[in-house]
Trainee: 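Let me begin by handing over the structure; questions about it come next.
Please read these numbers as outputs of a predicted model, since none were measured by experiment.
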Amino acid sequence: MVDNVVHVLTDDEAWELLASVSLGRIALSVNGQPDIFPVNHHAADGRVVFRTGEGTKLSEIAVNGDVAFEADDHTEVGGWSVVVKGTARVLVSTHEIAEADELPLRPWIPTLKYNYVEITVTEISGRRFLFGPEPERYPV
């Protein structure tokens with residue numbers, strides 16, 4: 001059995017990794033029905049911000065702002081995953097939107113996304129993984 005293949009990240013390590021990638025997934029739930037959507041994001045200062053157009057994400061956040069957000073990355077030798085939980089809200093004030101417009105946050109596809117959503121993070125956790133062959137399941 002290989003030891004130390006899973007390393008629990010500190011909060012600072014988790015934030016650093018979360019900020020190092022631009023693609024993550026937001027998990028929402030309304031009426032007991034879960035949904036998950038890929039979004040490009042910006043993570044810093046205890047929050048995650050993303051842009052979105054009108055549609056399901058905005059509707060579901062209006063009903064239930066309690067969300068989870070996950071991002072990860074990997075190489076050939078290892079990977080990591082960070083999960084945050086928090087409260088999502090649509091930014092509405094002119095000041096908040098002007099500040100969000102300054103973030104390095106641009107849509108990946110050529111569609112208009114007028115809405116900024118901010119997740120205020122209440123919990124963050126992460127793990128780093130070392131890849132390798134599966135150990136013998138049924139040793140003799």
Side-chain angles (χ1 to χ4, degrees):
M1 182 74 92
V2 178
D3 293 327
N4 301 320
V5 296
V6 178
H7 167 73
V8 176
L9 301 172
T10 66
D11 289 359
D12 288 341
E13 290 171 322
W15 274 108
E16 184 177 331
L17 289 171
L18 184 61
S20 74
V21 296
S22 59
L23 180 66
R25 285 153 292 285
I26 185 164
L28 310 163
S29 181
V30 173
N31 295 328
Q33 295 298 310
D35 270 323
I36 191 162
F37 301 94
V39 294
N40 59 317
H41 70 280
H42 176 77
D45 304 320
R47 67 187 190 141
V48 175
V49 178
F50 66 92
R51 289 171 61 182
T52 188
E54 302 296 325
T56 305
K57 288 185 287 295
L58 288 180
S59 299
E60 291 189 12
I61 288 167
V63 173
N64 181 6
D66 295 329
V67 302
F69 185 87
E70 188 271 348
D72 53 52
D73 201 4
H74 71 282
T75 65
E76 290 186 19
V77 297
W80 59 266
S81 175
V82 172
V83 174
V84 301
K85 295 179 183 175
T87 304
R89 69 180 185 92
V90 178
L91 301 182
V92 293
S93 80
T94 304
H95 176 72
E96 289 176 319
I97 293 168
E99 283 185 347
D101 274 337
E102 298 300 317
L103 296 174
L105 186 58
R106 302 294 174 256
W108 283 11
I109 58 174
T111 59
L112 293 175
K113 297 182 183 322
Y114 290 111
N115 304 287
Y116 286 99
V117 175
E118 174 189 83
I119 302 169
T120 301
V121 176
T122 57
E123 184 181 328
I124 186 167
S125 63
R127 289 175 173 52
R128 186 181 298 278
F129 311 101
L130 181 61
F131 296 159
E134 181 180 17
E136 180 64 39
R137 292 179 71 192
Y138 307 107
V140 185

Trainee: Calculate, to the nearest 0.5 Å, the distance between atoms CD and OG1 belonging to E16 and T10 respectively.
Mentor: 8.5 Å

Trainee: Hey, does the side chain of H41 reach the backbone of V49 with a donor-acceptor pair shorter than 3.5 angstrom?
Mentor: no

Trainee: Taking all heavy atoms of W15 and all of A43, pick out the closest pair and write down the distance.
Mentor: CZ3-CB, 4.1 Å

Trainee: Flag yes if I119 and L91 sit in one hydrophobic cluster, no otherwise; membership is Ile, Leu, Val, Met, Phe, Trp, Tyr, and two members link when side-chain heavy atoms are under 4.5 Å apart.
Mentor: no

Trainee: Under the criterion side chain to side chain contact (heavy atoms under 4.5 Å, CB included), which of T111, L105, N40, L112 is the partner of R51?
Mentor: L105

Trainee: Does any non-hydrogen side-chain atom of R25 lie less than 4.5 Å from one of D72?
Mentor: yes

Trainee: What's the separation between atom OG in S81 and atom NE2 in H74, rounded to the nearest 0.5 Å?
Mentor: 12.5 Å

Trainee: For the residue pair V6 and F129, establish whether any side-chain heavy-atom pair is separated by less than 4.5 Å.
Mentor: yes

Trainee: Counting C-beta onward and ignoring hydrogens, is there a side-chain heavy-atom pair between E13 and R128 closer than 4.5 Å?
Mentor: no

Trainee: If you look at every heavy atom in G86 and T122, which pair is closest and at what distance?
Mentor: CA-OG1, 3.7 Å

Trainee: Show the numbers, then the answer: is there a side chain to side chain contact (heavy atoms under 4.5 Å, CB included) between W80 and V21?
Mentor: CA-CA 11 Å; W80 59 266; V21 296; 3.7 Å; yes

Trainee: Parallel, tilted or perpendicular: which describes the rings of F50 and F69, with under 30° parallel and over 60° perpendicular?
Mentor: parallel

Trainee: With distance as the sole test, does T120 use its side chain to make a donor-acceptor pair with the main-chain N or O of R47 at under 3.5 Å?
Mentor: no

Trainee: So if I apply the side chain to side chain contact (heavy atoms under 4.5 Å, CB included) rule between T87 and each of N64, I61, D66, which one comes out positive?
Mentor: D66

Trainee: With a 4.5 Å limit on heavy-atom distance, are the side chains of T56 and L28 in contact?
Mentor: no

Trainee: With side chains defined as the heavy atoms from C-beta onward, is the minimum distance between L58 and T52 less than 4.5 Å?
Mentor: yes

Trainee: Under 4.5 Å between any side-chain heavy atoms of D101 and Y116, yes or no?
Mentor: yes

Trainee: Answer with yes or no whether the hydrophobic clustering places I26 together with V83; edges join I, L, V, M, F, W, Y residues whose side-chain heavy atoms lie under 4.5 Å apart.
Mentor: no

Trainee: Mind checking the CD-OG spacing from E99 to S93? Nearest 0.5 Å is all I need.
Mentor: 8.0 Å

Trainee: Evaluate V117 against K57 for side chain to side chain contact (heavy atoms under 4.5 Å, CB included), listing each step before the verdict.
Mentor: CA-CA 10 Å; V117 175; K57 288 185 287 295; over 6 Å; no

Trainee: Are more than 12 heavy atoms from other residues, nucleotides or ligands located less than 6.0 Å from atom NZ of K85?
Mentor: no

